[in-house]
Amino acid sequence: MTPSTARAPKGTRGDLFDPECPTRRLLDRIGGKWTSMAVKVLAEASPEEVRFAELQRRMAGVSQKMLSVTLRGLARDGLVSRRVEPSVPPRVFYGLTELGLSLDAPLAAVRRWAEEHMAEIDLAQQLADEQTDGP
C-alpha cells in the first residue's frame, strides 16, 4: 500500500481537499438524490424494515438497477442492513443501521434547505441562462 492509498487510522478525520481522501467518495454517495430518498424512507420506517419493492414504489423515478446500486453502496458503507428471506422469489428487506440513522438529520437539513431555496435557485438559473443566451 502506498502512502496515498493508505487509510487513515480509525477515528481520524479525512481531508476533503486531498484528491486521494476517501471522504470524497463518501460525500458523492451521500450527496446523491437516491441516497437522500432511501435514507428518508428507511428512517421513517425505522426500526421496521422495508422491502425492496416498497422502497422502489416510494422513491418515484428510481430504476430497479439504480436502487439496487444505491442500496448495495449504503450497505457496504455500513449505513443500511440487508436481510433476505429464503422464499420464491426471495424477499429482501432493508433497514438503517445506527450509523445510517445518524445520517438522517444532516440529510433532512439539506433537503429542507433545498425545498426552502429552490425558487431562488430557479430564478438565479433563469437569469444566468438569459445572460448567456443574450446578444
- [ ] Work out which heavy atom in Leu107 is nearest to a heavy atom in Ser36; give both atom names and the distance.
- [x] CD1-CA, 4.0 Å

- [ ] Carefully, step by step, assess Asp122 and Gln125 under the rule side chain to side chain contact (heavy atoms under 4.5 Å, CB included).
- [x] CA-CA 5 Å; Asp122 281 342; Gln125 289 175 351; 4.1 Å; yes

Task: side-chain hydrogen bond (donor to acceptor under 3.5 Å, both in side chains) pairs, two or more places apart, involving residues 82-92 - done: Glu49-Arg83, Arg82-Tyr94, Arg83-Glu85, Glu85-Arg91

Task: Exam field: side chain Ser46 to backbone Ala43, donor-acceptor pair closer than 3.5 Å - done: no

Open item on the list: If hydrophobic clusters are built from ILVMFWY residues whose side chains come within less than 4.5 Å, do Val69 and Phe52 share one?
Closed with: yes

Task: With Ala108 via side-chain contact (heavy atoms from CB on, under 4.5 Å) - residues at least two apart - done: Arg111, Arg112

Task: Check: Ser68 side chain, Gln64 main-chain N or O, donor-acceptor pair, under 3.5 Å - done: no

Open item on the list: Please report the interatomic distance CD(Gln56) to CG(Leu71), rounded to the nearest 0.5 Å.
Closed with: 10.0 Å

- [ ] Could you list the residues that satisfy salt bridge (charged side-chain N to carboxylate O under 4.0 Å, His left out) with Arg58, not counting sequence neighbours?
- [x] Glu44

Task: From OG1 (Thr70) to CG (Leu74), nearest 0.5 Å - done: 6.5 Å

Task: Salt bridge flag under 4.0 Å for residues Glu54 and Arg51 - done: no

TODO: Quick one: closest heavy-atom pair of Pro90 and Val84, and the distance?
DONE: CB-CG1, 3.9 Å

Task: Pair Val39-Leu79, side chain to side chain contact (heavy atoms under 4.5 Å, CB included): steps then yes or no - done: CA-CA 9 Å; Val39 169; Leu79 300 170; over 6 Å; no

Open item on the list: Working note: Leu42 + Leu55, criterion side chain to side chain contact (heavy atoms under 4.5 Å, CB included); need CA distance, chi angles, decisive distance, verdict.
Closed with: CA-CA 8 Å; Leu42 293 171; Leu55 271 169; 4.0 Å; yes

Open item on the list: Quick check on the hydrophobic clustering: are Leu99 and Leu27 connected, directly or via other members, by side-chain heavy-atom contacts under 4.5 Å?
Closed with: yes

Task: Main-chain N/O of Gly78 paired to Thr97 side chain as donor or acceptor, under 3.5 Å - done: yes

Task: Exercise: identify the closest heavy-atom pair between Leu16 and Cys21 - done: N-SG, 4.4 Å

Open item on the list: For a quick test of reading the model, state the closest non-hydrogen atom pair linking Leu67 to Val62 and the distance between them.
Closed with: N-CG2, 3.6 Å

TODO: Report the hydrophobic cluster partners of Met118, with the cluster defined as I, L, V, M, F, W, Y residues connected by side-chain heavy atoms closer than 4.5 angstrom, directly or transitively.
DONE: Trp113, Ile121

TODO: Please answer: with hydrophobic residues joined when any side-chain heavy atoms are less than 4.5 Å apart, are Leu101 and Val41 in the same cluster?
DONE: yes

TODO: For Trp34 and Met59, work out which heavy atoms get closest and say how close.
DONE: O-CE, 3.4 Å

- [ ] Verify the cluster assignment for Leu96 and Phe93: are they in a single hydrophobic cluster under the rule of side-chain heavy atoms below 4.5 Å apart?
- [x] no

Open item on the list: How long is the straight-line distance from NE2 of His117 back to CG of Leu123, given to the nearest 0.5 Å?
Closed with: 14.0 Å

TODO: Output all residues satisfying salt bridge (charged side-chain N to carboxylate O under 4.0 Å, His left out) with Arg29, sequence neighbours left out; order by chain, then residue number.
DONE: Asp77

Task: Listed partners of Lys33 passing salt bridge (charged side-chain N to carboxylate O under 4.0 Å, His left out), at least two apart - done: none

